[in-house]
Amino acid sequence: MARRRIIAGNWKMNKTPTEAVELVNTLAGLVKNDDVDVVYCVPAIDIVPVGAALMGSNVNLGAQNFYIEDKGAFTGEISAPMLKDAGVKYVIIGHSERRDIFGENDVMINAKVKKAFASGLSPILCCGESLALRKAGVYKEWIARQIKWDLDGVSADEVKKLVIAYEPIWAIGTGETATADQAEEVCKMIRDQIAEMYDAATAEEVRIQYGGSMNAGNAAELLSKPDIDGGLIGGASLKEDFGKIVNA
Ligand code: 13P
């Protein structure tokens with residue numbers, strides 16, 4: 001079964017509600033592609049207006065985070081059922097910025113993956129190594145361990161619906177992209193790891209993205225690799241270039 005390509009924009013902490021709707025309208029004619037799942041992972045406050053602006057389009061609504069409880073005394077947080085009710089389909093979990101700046105560990109990330117599935121959301125689970133770990137030559141072991149911890153207790157049927165994003169931290173927002181070969185090496189390793197943890201059929205279905213300075217110029221080469229099924233795009237998702245990545 002051929003895997004369907006998935007191109008997701010991670011808007012990070014960018015765009016006010018007014019600006020967000022403007023961006024949706026700017027991109028509207030540029031991101032049409034019936035062969036690709038297109039996703040905008042927008043700031044929490046933009047979810048409702050962007051959802052309304054995307055009505056009737058091919059673009060899926062995505063979020064960047066949530067907390068693992070359904071409701072209650074968790075000041076400042078939003079829950080998975082709230083995202084679901086607002087029309088969110090995909091949610092990013094375990095981005096390196098959440099791990100490094102907000103102290104999220106693999107125990108929390110694992111709980112979020114399970115909660116997302118239980119709430120009917122599709123997780124985009126992020127993994128990736130720092131420059132120090134790459135230089136030390138232990139990046140594959142590091143990523144294999146992240147995957148193992150983050151998917152603890154997650155079923156094969158769920159993993160078939162999972163998206164994994166390989167994002168080397170040294171390539172995020174730096175303009176330094178992993179080469180297509182470097183990205184493919186790790187994406188293939190992740191697929192092999194899923195085969196080992198589950199089975200070959202599950203590994204064949206899980207979709208794996210590359211993320212880290214992906215842009216209109218390098219997307220086609222990265223996406224031509226057999227184990228790279230899409231991209232998670234930061235900076236370039238806020239520009240008209242995003243349309244070129246969707247159609248790369
Ligand atoms: P950039 O595309 O800006 O490097 O960001 C990648 C990223 O972190 C997407 O989640």
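One-based numbering, in listed order, for ligands and for the atoms of each.
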Nearest non-hydrogen protein atom, [atom]:
atom	value
atom 2 (O) of ligand 1	Gly234 N, 2.9 Å
atom 7 (C) of ligand 1	Glu167 OE2, 3.2 Å
atom 3 (O) of ligand 1	Gly235 N, 2.8 Å
atom 5 (O) of ligand 1	Lys12 NZ, 3.3 Å

Atoms in ligand 1 flagged as close to Ser213, the criterion being non-hydrogen separation under 4.0 Å: 1 (P), 2 (O), 4 (O)

Where ligand 1 meets Gly212 - atom numbers and elements under 4.0 angstrom, heavy-atom basis: 4 (O), 6 (C)

Would you call [X] and [Y] a salt bridge, using N to O less than 4.0 angstrom?
X	Y	answer
Lys115	Glu69	no
Asp106	Lys148	no
Asp192	Lys188	yes
Lys112	Glu104	yes

The single option from Asp229, Ile228, Leu232 passing side-chain contact (heavy atoms from CB on, under 4.5 Å) against Gln209: Leu232

Atom pair CZ/CE of Phe66 and Met82 - distance to nearest 0.5 Å: 12.5 Å

Distance, nearest 0.5 Å, that separates CD1 of Ile208 from OH of Tyr166: 12.0 Å

Any Ala236 heavy atom less than 4.0 Å from ligand 1: no

Heteroatom proximity flag, Asn10 to ligand 1, N/O under 3.5 Å: yes

Structural part of Ala171 in contact with ligand 1, heavy atom criterion under 4.0 angstrom: backbone

Ligand 1 versus Leu232: contacting region, heavy-atom distance under 4.0 Å: both

